[in-house]
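Report on the following structure.
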Amino acid sequence: MPQSFYLTEKSKQSVTPIILLSDTQYEAWLKKQPPHTRAWLAATQFKASAGNVSLVPAPSGGITQVVACVDSPLNVWSIAHLATALPTAHYDIDAKLTPAQATDLALGWALSTYQFTKYKEGKKSFATLVAPTGTDMEYVQAMAESICWARDLINTPAGDMHPEALAEEAVAWAQEAKGKVRVIKGEQLLKSNYPMIYTVGKAATVPPHLVDIHFPKKGAPKITLVGKGVCFDSGGLDIKNTAGMKLMKKDMGGAANVLALAKAIIDTGLAVELRVLLPIVENAIAGNAMRPLDIIKTRKGITVEIGNTDAEGRLILCDALTEADSGKPDLLIDCATLTGAARVALGTDIPAFFTHDDALAESLSKASTRKHDPLWRLPLHSAYRSQLDSPNADLSNDPDSGYGGAITAALYLNEFVSRTTPWIHIDMMAWNPKSRPGRLVGGEAMGIRAVYSMIKERYGKR
């Protein structure tokens with residue numbers, strides 16, 4: 001059943017208007033208001049700065065309107081705080097909005113009602129918004145459900161979201177959506193020539209999986225998505241410290257983001273042929289765990305020396321990318337919580353992305369700006385490729401240099417994708433370290449609204 005997200009297209013109840021004003025609009029608006037409104041705002045010392053809200057009472061009691069100051073231009077998070085700040089009732093927006101603005105505001109409202117309630121009861125109700133005229137409700141519903149699914153997957157503890165459980169979530173969705181599904185797990189990965197996925201995950205109690213989902217669409221552009229699914233990363237024998245290990249339930253955030261993006265694409269009917277590949281493992285410690293300086297042959301035949309067992313994400317991705325590339329997609333995207341170096345460079349809010357294709361990069365950057373969904377391009381600087389050299393194998397997974405870690409990780413993955421394949425690698429946090437309107441502390445879908453917008457614009461207009 002679709003979730004309501006406290007959004008409705010029509011209301012049988014009385015509706016309170018929300019007046020949206022930027023700081024530059026406030027004074028002109030205030031001069032036109034009746035005396036009791038001006039007196040109330042003056043008495044409450046209301047300041048016209050973004051995020052401030054005032055519930056203006058009617059002379060006879062009740063609330064006559066809500067005054068909300070917002071950033072200009074409007075964006076998806078402009079009114080996200082109101083669903084929790086306002087009393088439980090029905091509201092509509094008293095402003096002239098473009099369809100894009102109406103859709104963004106409705107989506108921000110929907111996402112602000114998200115709660116992770118699997119283990120703890122949440123807030124029982126929120127304010128309800130009557131969707132503004134022009135809202136694309138199909139998109140809002142699909143994207144809100146997709147993002148909230150990703151958040152749930154990432155927030156679930158690794159003891160419950162182990163490789164089998166994540167694979168089951170993916171398969172259940174794919175079957176419901178009428179996709180074709182193939183699952184390879186355990187030693188079958190070796191027999192099917194996915195040695196890296198097997199090697200990384202073989203020490204865990206729950207075996208490694210590869211989930212391959214396909215939605216055929218004859219004659220449509222082929223879009224392939226690959227998501228890193230490390231359900232927990234201890235670091236392996238190069239074990240992480242306590243602080244480094246604490247958030248490692250989120251190390252399957254790439255897989256969760258890919259599933260969310262795939263769901264949005266399918267639910268809105270974009271005219272693309274979609275394939276999803278999810279290498280899913282737990283990087284655990286046991287007697288059969290991979291060891292530093294082990295040398296493993298990948299699916300592509302490239303040998304890799306394991307310089308650090310904690311650089312495991314690129315290992316499982318390289319086998320999946322080899323398979324993805326063999327299908328000659330029109331666009332190949334991988335998402336991964338891959339490096340701390342990307343977080344050092346760009347912070348926790350902004351995923352880094354890499355591509356050789358300048359036109360593709362420009363399209364994604366424009367979509368990022370348009371959707372207020374930050375992504376930032378970093379270079380595939382070929383001069384750093386030598387840092388991946390190994391004296392004993394074709395590649396090392398852990399350069400000795402401590403510099404440019406996000407770039408060298410991307411260059412490693414680049415070895416497994418044909419130069420003729422349009423490819424984007426996204427290195428993301430997939431986690432909010434602090435709460436903001438619409439974005440609670442915890443798992444997060446990052447960049448997928450921008451990627452969806454770019455795919456729709458370039459490949460799959462409805």
Side-chain angles (χ1 to χ4, degrees), residues 4-115 123-137 139-141 144 370-372 435-440:
S4 74
F5 296 111
Y6 294 88
L7 279 173
T8 182
E9 293 187 77
K10 295 180 180 179
S11 177
K12 295 180 181 179
Q13 301 182 26
S14 61
V15 176
T16 303
I18 299 172
I19 313 299
L20 299 184
L21 298 167
S22 67
D23 57 355
T24 58
Q25 296 170 326
Y26 178 73
E27 288 300 330
W29 171 85
L30 186 63
K31 291 177 181 178
K32 299 177 183 178
Q33 300 312 300
H36 76 270
T37 299
R38 296 199 301 271
W40 172 261
L41 293 169
T44 56
Q45 299 182 347
F46 182 75
K47 293 183 179 180
S49 58
N52 286 347
V53 182
S54 179
L55 280 61
V56 180
S60 58
I63 300 171
T64 185
Q65 61 186 354
V66 174
V67 178
C69 283
V70 294
D71 289 319
S72 181
L74 293 171
N75 64 71
V76 68
W77 306 120
S78 291
I79 64 168
H81 59 298
L82 296 181
T84 53
L86 297 179
T88 302
H90 284 58
Y91 302 84
D92 66 2
I93 297 172
D94 185 2
K96 291 182 179 180
L97 303 172
T98 66
Q101 289 173 331
T103 299
D104 278 349
L105 293 181
L107 178 60
W109 188 284
L111 293 175
S112 71
T113 68
Y114 171 78
Q115 301 176 91
K123 180 181 171 71
K124 294 187 183 297
S125 61
F126 297 84
T128 297
L129 179 69
V130 178
T133 301
T135 299
D136 183 346
M137 287 297 287
Y139 168 83
V140 170
Q141 185 74 37
R370 183 169 65 246
K371 303 307 292 184
H372 202 78
S435 286
R436 290 162 294 172
R439 295 152 288 179
L440 295 177

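Heavy-atom basis, side chains included; hydrogens, waters and symmetry copies ignored. The first residue in the sequence is number 1, and the count goes up from there.
- Residues Leu97 and Thr133 form no side-chain contact, since every pair of their non-hydrogen atoms from C-beta on lies 4.5 Å or further apart.
- A cation-pi contact, defined as under 6.0 Å to the ring centre and within 45° of the axis, links Arg439 to Trp77.
- Here the CZ-CG distance, from Arg370 to Asn75, works out to 14.5 Å after rounding to the nearest 0.5 Å.
- Between Ala127 and Pro87, the closest heavy-atom pair is CB-O, 3.7 Å.
- At least one donor-acceptor pair closer than 3.5 Å links the side chain of Trp109 to the backbone N or O of Tyr6.
- Using a distance-only test at 3.5 Å, with no hydrogens or angles considered, a donor-acceptor pair links the side chain of Ser112 to the main chain of Ala80.
- In this structure, Lys123 places its NZ atom where more than 12 heavy-atom neighbours from other residues, nucleotides or ligands lie under 6.0 Å away.
- Of all heavy-atom pairs between Ala106 and Leu129, the closest is CA-CD2, 4.4 Å.
- Annotation: the span from Ile93 atom CD1 to Thr135 atom OG1 amounts to 7.5 Å, rounded to 0.5 Å.
- Panel note: side chain Asn52, backbone Lys47; a donor-acceptor pair is recorded below 3.5 Å.
- Residue pairs meeting the ring pair (Phe, Tyr, Trp, His ring centres under 6.0 Å) criterion with at least one member in residues 84-104: none, sequence neighbours excluded.
- Side chains of Asp104 and Leu74 form no contact here, defined as non-hydrogen atoms less than 4.5 Å apart.
- One N or O on the side chain of Trp40 and one on the backbone of Leu55 form a donor-acceptor pair closer than 3.5 Å.
- Across all their heavy atoms, Pro57 and His36 have their closest contact at O-CD2, 3.7 Å.
- Distance check, rounded to the nearest 0.5 Å: CD of Gln141 to CG of Leu7 gives 8.0 Å.
- Under a 3.5 Å cut-off, the side chain of Ser78 and the backbone N or O of Val70 do not form any donor-acceptor pair.
- Closest of all the heavy-atom pairs between Ile18 and Ala68 is CG2-CB, 4.1 Å.
- Between Pro17 and Asp92 there is a side-chain heavy-atom pair separated by less than 4.5 Å.
- Side-chain atoms of Gln65 and Thr37, non-hydrogen and from C-beta on, do get closer than 4.5 Å to each other.
- Side-chain atoms of Leu20 and Leu105, non-hydrogen and from C-beta on, do get closer than 4.5 Å to each other.
- Using modelled atom types, one side-chain atom of Thr84 and one backbone atom of His81 make a donor-acceptor pair closer than 3.5 Å.
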CA sep, side-chain torsions, deciding dist, call: Thr103, Val140, side chain to side chain contact (heavy atoms under 4.5 Å, CB included): CA-CA 7 Å; Thr103 299; Val140 170; 3.7 Å; yes
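- Between Ser49 and Asp23, every side-chain heavy-atom pair lies at or beyond the 4.5 Å cut-off.
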Could you walk me through whether Phe46 and Val56 pass the side chain to side chain contact (heavy atoms under 4.5 Å, CB included) check? CA-CA 11 Å; Phe46 182 75; Val56 180; over 6 Å; no
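- In this structure a side-chain-to-backbone donor-acceptor pair under 3.5 Å is missing from Gln13 to Ala89.
- For the residue pair Ala50 and Asp71, the shortest heavy atom distance occurs at CB-OD1, 3.1 Å.
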List the steps and the verdict of side chain to side chain contact (heavy atoms under 4.5 Å, CB included) for Arg38 and Leu30. CA-CA 7 Å; Arg38 296 199 301 271; Leu30 186 63; 3.9 Å; yes
